[in-house]
Amino acid sequence: MNVQKIINHFRIKKKPNYIPQNDEEKVFRAAVRSSIPLIIKGPTGCGKTRFIEYMAYSLDFPLITVSCHEDLTAADLVGRFLFKDDQTVWQDGPLTLAVRYGGICYLDEIVEARKDTTVIIHSLTDDRRILYIDKTGEVVRAHPDFIMVLSYNPGYQSIVKDLKESTKQRFASILFSHPSENIETEIIRTETRLSGEDSRKLAEMGAKIRELKGFGLDEGVSSRLLVYVGRLMREGLSAYDACSCAISNTLTDEEEIRNSISDIVKLYFGDLLEQHDEKENS
Amino acid sequence: MKKKTPEKYQGFNLSDVCWGYRDIFARIIENLFEKGSLGSHRKEVTEQFFSALKASDKQLFDHVLKSFLDAVAGGNAWIFDLPAIFEEVVRTGLQFAEVKLYYGIGYFRFLRDGGFGRTPQQVHCLINGLHRLMPINTELTFAFLKGYKGLFDRLAPPEIDLYIQEGIKVYEENKKSGCKFMEGSLKSSESFIQSLTREYRLSDIRASLEKLLKALAGFRIEISDLSRLDSDELMERGTHMVCLYKWLYLPLRMRYFNTRGKNRSWYMLQGVAAGGMYAFDSFPKIHGCPGFESGVDLAGSSILRQNLFLIMEYARVLRRIRKAWPGARHLIDFGIEAVFSEKAPQTAAERLFMDVLQEDDSLHEHASKKSFSRRLGKNLDLSINVFDTVSLITDELAGETLKSYPGLDKSLLRSMGFLPDFFYHAAVSSPPKTNLAADMKDKAEKRAKTRKDKSALKVFSDQSDTSELTTTSGDNEEDSNETIQTCFVYDEWCQEENDYFQDYCQVYEKRFEKKFAMPITEEIYTEVKKVKKIFELIKPQLAHREKYLPEGETINEDVLLDYLVQRKKEPSPEIKYYEKHFIQKRDLAVLILLDISGSTGEPAEDKRVIDIEKNAALILGQGLAVLGDRFSICGFSGTGRENCSFLIFKDFDDPWNRESNSRLLSAWPMNSTRIGAALRHAGYKFLKEEARQRLIILITDGKPSDTAYDPVSRYAQHDVRMACEENKRKYIHTFCISTQENSIADMEIMFPDRRFAILKDIHQLINILPRLYIKMTA
């Protein structure tokens, strides 16, 4: 297949629903103009990936995403020789594709990758902006539209899973956090088409549950999960059941903390009194 | 002819039993061996069994032992599966028999007849109760044993504890009644059991309420028992709830309602009300801070103003709760109904309170009151905090209210059980460092000014109210500024309370200073060499290339050539000419935790225990260094919960060299053995280690012992168990090597995964430690 055709597959066709939280769009555009790579930091489900999709769409850049894991090798990023029709053929990896033809190379959860793998991006993320492919002996100069974006969640990473200083200091960073209640209400409303009141209640409830972080919960409830609740509600599930499935049961396996989340859910969508009498009768 | 006693009887001689019982004893014992209840596979239980039977040489003990055999031969064979419980049951029975044979016989008869309960937990609860009562009076203890059959199905262990407590109280007043109470033959026993079954205790709900409050208020609020406060003042005022800056005081138990669920709901209501008070910036948020020791400081001394302050602030918060948390509406209705069910609102204050709470106008009796209370309610909905509410209490409002509710200046609103007492006089020991009250006041003043500017009463939209009213993040910032202590503070588990003692142990971590290092003997050098050699053999090859893969990083040319040749012979040979680079490493970190308590200074033949421990750690350390596993060597000791020491000889990042060796060899016996705290801190040390497998090897020469430990309840053992469970949740395994000071029963309690070894001779440690390590990790 024509390489240009392949790269076009990576373009975002439909405008993603994204509600800006701060001036992240402005920063991103400035970074692209100045060829500065970016790190997006933020908790799980706060909209990091959605933001990148939105920016890719706005800038009309292809978005090549690699989900990093500990077995990811440099070859998985750069490319490898394949054997085809009695001959070895070089196949560009996702990184090389983005470098060669331009676009956003988005390495999701970068700290999950091994440190020896991540050093490969060093020459691309400083002024040189080149990629040396040792297996073919080729030096690829980055396309003017190439931009490297990394993401990770500093909240749950252990201190040993941090980026090397030499890697970290090649990037500008955008910090994401859970959206404010008003923005989150809007996100839930637009993503799920729930009523404004229900969306607000979900957002307020999410903020209360986040207070339990470090108090039995490792991570607060994400906007993504709140959106899931909204979608389940739209499909006819009661608000309490939807919250139980998408929030209480997902966030924790410990009964005590699950009950605490249920109490909060009941404050907004259930009845605390009913619960206890029912329990007793059963 | 005298029968020869088999060897498996472990020294118990049937001829010591009176002749009439010999055949019966032999038959039952053989039967137990046949069923597998006894035997070499149950070494510890069998030993305990025969050591109990050996009591037969005491005069007339045969009858007791006959009851014992009848009991274990019947439907109670399951207790052989639980060595710890078996040991306790037998030991306690013999203790009873020592006092009176009748008690001993009765004890085992109750066991036979199922009077000990059906589950290990029930048996354990009985034994605990007996141990608690035994020092008071044996007759009382026996009475409890008699009555236990009627308790274990109806009451949970904590409730049985309360029953015992009540029984002791009755016994202290009248000995005979106390015994009858314990037997369950008094009418008051039954009514007490009934009250216990409907009772809900603060301890049952404290953790849930604390979490709920954290979520609603945004900062941590400690919940305590109301009886900790000055009881005279509380009784005088009929207070059931005090809510101070970061502290909530609730009754220890609730048995007002006839069902447990309703009593629980009452606690939940108090929790939600307190959450609302904090979330919506009411008086409890500053109650007890300097200048706000009581609500009188804001309301003034006149009853009229105090009533207005209470009613308006209560109503404001309850109205906000209803609006923001619809799930709490029925709960609030339940609370109000409970307060006014027996006595309808009579005083002017009560009527005003009810009227302001009603949002449905049709419920108001009189038109003038209706319009007044509605106006008041709307005004309260505009109020953003307690200072704002206070600013609404003008002379004009007071006069108008008094006109609508004559008598409002006569008596104070009676205490509402589910709402905090604002007028309780309190001063908190650690008030907020930021000017919380001033900020709230400032906000209220700004709001009042805006209101004045707008001049007319205008209902604000819910949205704008909410955004202003729920700003509670200020306290969190303040929390983070609190001084960080230099020591590590850990909770400690109390089995009897079935709860943690919060922030109970202080562990001081320090690097051990090398002083006078013990010399290394030739024997140890030889052992080191041997261990190094063995460990060298099991050391994995670090890096290799995996060939013959269907996909991989690169193509292996030789295999590709084979493939091409193969393709000439067959149409589609299997593709496996890729290769991939693999790094194989032992992903393991180990922390060797040495008990360096005072007892390790005792000699074991030619050496002190601590010297053997140090040598063993040194030898294993040499092996680990060869193997490349990350390791740390630490020691622990201390005096009391506030002074636990955690000493580092070699940290994970330290090199294993002369310096760290010297630190280890300089260790000297110190004080007590508080294992739980040390294990928790060891678990914390592992947090920085990324290894996939993490192991603590605990080496101890004795039982956990420290000041304030209760050996009877095995407090320390249960705490160690809980510390192991906590570490297990962090994927840290604990393995213990102990001397025979700890019985298997103790070790089973402490190390629930049975990861332990008991050494007959501490000298074995040097040889056994490396072997065990290889076995565990290879």
Side-chain angles (χ1 to χ4, degrees), chain A residues 71 73-76 78-83 86 88 114 116 135 158-161 180-182 185 196-197 200-201 204-205 207-217 239-240 254 256-257 259-282, chain B residues 200 207-220 259-265 267-269 271-272 275 279 321 324-335 462-463 466-467 470 472 476 551-555 560 563-564 567 575 577-578 580-581 583 687-691 729:
Chain A
D71 285 335
T73 61
D76 293 329
V78 176
R80 55 168 59 94
F81 279 109
L82 295 176
F83 186 67
D86 286 353
T88 51
R114 288 206 316 261
D116 56 330
K135 291 190 182 100
S158 68
I159 45 171
V160 291
K161 275 195 170 178
S180 67
E181 275 177 26
N182 286 339
T185 304
E197 194 195 337
R200 172 158 289 280
K201 270 158 78 177
E204 280 181 16
M205 184 189 73
K208 297 288 178 215
I209 295 173
R210 277 174 204 140
E211 292 289 350
L212 293 181
K213 189 179 170 185
F215 211 72
L217 270 191
Y240 179 73
E254 284 186 35
E256 194 183 300
I257 183 80
N259 289 340
S260 297
I261 297 173
S262 289
D263 285 342
I264 299 168
V265 170
K266 282 199 175 92
L267 274 179
Y268 288 90
F269 294 106
D271 191 337
L272 273 173
L273 182 68
E274 209 174 68
Q275 173 209 358
H276 300 116
D277 286 342
E278 265 172 14
K279 248 188 190 174
E280 186 172 49
N281 294 337
S282 68
Chain B
Y200 209 84
S208 308
L209 281 187
E210 279 186 343
K211 287 195 181 73
L212 184 68
L213 282 170
K214 168 78 173 69
L216 298 181
F219 53 91
R220 188 176 176 164
T259 66
R260 223 171 119 74
K262 280 187 179 168
N263 287 317
R264 186 185 196 276
S265 288
Y267 271 126
M268 191 54 94
L269 172 62
V272 171
I321 291 176
W325 307 327
R329 283 175 194 168
H330 287 141
L331 205 57
I332 293 174
D333 293 344
F334 158 73
D462 290 344
Q463 288 188 5
T466 311
S467 61
T470 52
T472 52
N476 286 340
E551 55 181 46
E553 287 170 13
T554 50
I555 291 171
L560 178 65
Y563 172 80
L564 294 174
R567 267 221 3 206
I575 295 173
Y577 43 75
Y578 285 100
K580 202 169 179 178
H581 191 76
I583 296 174
L687 288 183
K688 295 172 192 165
E689 286 306 303
E690 67 172 328
R729 273 180 235 136

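These values consider heavy atoms only, across backbone and side chains, with no hydrogens, waters or symmetry-generated copies. Everything numeric in this text was worked out from a predicted model, so none of it was measured. Lettering of chains follows the sequences in order, A, B, ..., and the numbering in each one begins at 1.
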### Message
Do B:L209 and A:D263 have side chains that approach each other closer than 4.5 Å (heavy atoms only, starting at C-beta)?
### Response
no
### Query
Checking A:F81 against chain B: side chain, backbone, both or neither under 4.5 Å from a heavy atom?
both
### By side-chain hydrogen bond (donor to acceptor under 3.5 Å, both in side chains) - contacts of B:R329 (at least two apart)
none
### Message
Under the criterion side-chain contact (heavy atoms from CB on, under 4.5 Å), I'd like the reasoning laid out for B:I321 against A:L267: C-alpha separation, chi angles, the key distance, then a yes or no.
### Response
CA-CA 9 Å; B:I321 291 176; A:L267 274 179; 5.8 Å; no
### Query
In Å and rounded to the nearest 0.5 Å, what is the OG to CG distance from B:S208 to A:N259?
6.5 Å
### Query
Which bit of A:T185 is near chain B, if near means a heavy-atom gap under 4.5 Å: side chain, backbone, both or neither?
neither
### Message
Nearest 0.5 Å, please: how far is CD in A:E211 from CG in B:L212?
### Response
12.0 Å
### Query
Where does B:L269 contact chain A at under 4.5 Å (heavy atoms): side chain, backbone, both or neither?
neither
### Query
Is there a side-chain contact between A:K135 and B:T554 (heavy atoms, below 4.5 Å)?
yes
### Message
Are B:E210 and A:S260 packed together at the side-chain level, in the sense that at least one heavy-atom pair is separated by less than 4.5 angstrom?
### Response
no
### Task
Might you work through the side-chain contact (heavy atoms from CB on, under 4.5 Å) test for A:L273 and B:D333, ending with a clear yes or no?
CA-CA 10 Å; A:L273 182 68; B:D333 293 344; over 6 Å; no
### Validation row: B:K211, A:E256 side chains within 4.5 angstrom (heavy atoms)
yes
### Task
Working to the nearest 0.5 Å, report the span between CH2 of B:W325 and CE of A:M205.
14.0 Å
### Task
Could you grab the distance from atom NZ of A:K266 to atom NE2 of B:H330, nearest 0.5 Å is fine?
14.0 Å
### Message
So which atom in A:Y268 and which in B:A324 form the shortest heavy-atom distance, rounded to 0.1 Å?
### Response
CE2-O, 3.4 Å
### Message
With a 4.5 angstrom heavy-atom cut-off, is it the side chain or the backbone of A:L82 that approaches chain B, or both, or neither?
### Response
both
### Task
Only counting residues at least two apart or in another chain, list the ones meeting side-chain hydrogen bond (donor to acceptor under 3.5 Å, both in side chains) with A:D71.
none
#### Entry: Smallest separation among heavy atoms of A:F83 and B:Y578, with atom names
N-OH, 3.6 Å
